[in-house]
Amino acid sequence: AAAYRQRSADVRGWSICATCDQSFTGRMALGLAEAWWGTVQDLDEASEKRQTAGTILASRLDEMGRHAESEAMARELRAVQQRMPGPDSRTAMNTAHILGNALFSQKKYVEA
């Protein structure tokens, strides 16, 4: 599935099954997010593709209970997003939400 997804230029290709049009869940969703991140992590840190892939990976990590890893990824992305023009973009807001969830799940209520 990851090889097929890598050829897809669309975000949907990494999160929606091409056969049944359903969202991937659980370990499959996390595995695809990790695979996508592996293809974009060396791009410019401000690239939209890298930011989107990172945000999705942070979300999948949080969904799988890997809150500390999700927090670290979201913090890294937020640091870049806050230096970019338009820090209120949809991706930036999604990342902030994921960071809040990860912090809350770790009982870091003041930071969340």
Side-chain angles (χ1 to χ4, degrees):
Y4 169 78
R5 301 295 171 220
Q6 188 170 355
R7 293 190 300 268
S8 175
D10 186 354
V11 173
R12 286 178 49 87
W14 290 96
S15 57
I16 307 288
C17 176
T19 303
C20 67
D21 204 35
Q22 298 293 311
S23 295
F24 291 112
T25 61
R27 290 182 9 201
M28 176 61 102
L30 176 59
L32 285 169
E34 290 172 329
W36 188 19
W37 178 250
T39 69
V40 300
Q41 66 183 349
D42 293 330
L43 296 177
D44 178 74
E45 66 181 7
S47 108
E48 183 178 349
K49 188 179 273 190
R50 185 181 192 277
Q51 286 288 315
T52 301
T55 298
I56 290 174
L57 177 55
S59 178
R60 299 299 178 247
L61 287 165
D62 192 55
E63 289 167 6
M64 295 299 292
R66 293 166 59 180
H67 307 299
E69 292 172 83
S70 175
E71 175 190 353
M73 173 65 73
R75 285 189 186 280
E76 175 187 329
L77 296 166
R78 287 293 295 151
V80 172
Q81 291 164 354
Q82 291 178 339
R83 293 191 308 263
M84 295 167 48
D88 295 333
S89 72
R90 181 177 178 172
T91 300
M93 293 297 102
N94 285 340
T95 304
H97 178 80
I98 293 162
L99 176 57
N101 284 345
L103 291 167
F104 185 84
S105 295
Q106 297 174 84
K107 298 182 171 52
K108 297 180 179 181
Y109 302 123
V110 174
E111 288 182 81

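- For the pair Thr52 (side chain) and Lys49 (backbone), a donor-acceptor distance under 3.5 Å is absent.
- Applying the side chain to side chain contact (heavy atoms under 4.5 Å, CB included) test to Thr55 and every residue at least two apart in sequence or in another chain returns Leu77, Gln81, Thr91, Asn94, Thr95, Ile98.
- The salt bridge (Lys or Arg N to Asp or Glu O under 4.0 Å) check on Glu76 picks up Arg50, with sequence neighbours excluded.
- Expressed to the nearest 0.5 Å, how far CG of Leu57 lies from CE of Met73 amounts to 4.5 Å.
- Within the structure, the salt bridge (charged side-chain N to carboxylate O under 4.0 Å, His left out) test picks out the following pairs touching residues 103-112 (sequence neighbours left out): Glu71-Lys108, Arg75-Glu111.
- For Arg66, the salt bridge (Lys or Arg N to Asp or Glu O under 4.0 Å) criterion is met by Glu34, Glu69, not counting sequence neighbours.
- Between Phe24 and Ala29, the closest heavy-atom pair is O-CB, 3.5 Å.
- Nearest heavy-atom pair across Arg78 and Ala96 is CD-N, 3.7 Å.
- In plain terms, the two heavy atoms of Asp62 and Ser105 that are nearest each other are OD1-OG, 4.3 Å.
- Rounded to the nearest 0.5 angstrom, Gln51 CD and Ser89 OG are separated by 8.0 Å.
- Expressed to the nearest 0.5 Å, how far CE of Met64 lies from OG of Ser70 amounts to 12.5 Å.
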Determine, step by step, whether Glu63 and Asn101 satisfy the side chain to side chain contact (heavy atoms under 4.5 Å, CB included) criterion, reporting the C-alpha distance in whole Å, the side-chain angles of both residues, the deciding distance to 0.1 Å, and the verdict. CA-CA 10 Å; Glu63 289 167 6; Asn101 284 345; over 6 Å; no
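- Take Ala112 and apply the side chain to side chain contact (heavy atoms under 4.5 Å, CB included) test, not counting sequence neighbours, and it matches Leu103, Phe104.
- In this structure, the side chains of Ser47 and Val40 stay at 4.5 Å or more apart for every pair of heavy atoms.
- The environment of CD in Gln106 is crowded: more than 12 heavy-atom neighbours from other residues, nucleotides or ligands sit within 6.0 Å.
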One pair to check against side chain to side chain contact (heavy atoms under 4.5 Å, CB included): Ile56 and Trp36. What are the steps and the verdict? CA-CA 9 Å; Ile56 290 174; Trp36 188 19; 3.5 Å; yes
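- For Ser23 (side chain) and Ile16 (main-chain N/O), no donor-acceptor pair under 3.5 Å exists by modelled atom type.
- Asp42 pairs by the salt bridge (Lys or Arg N to Asp or Glu O under 4.0 Å) definition with nothing, not counting sequence neighbours.
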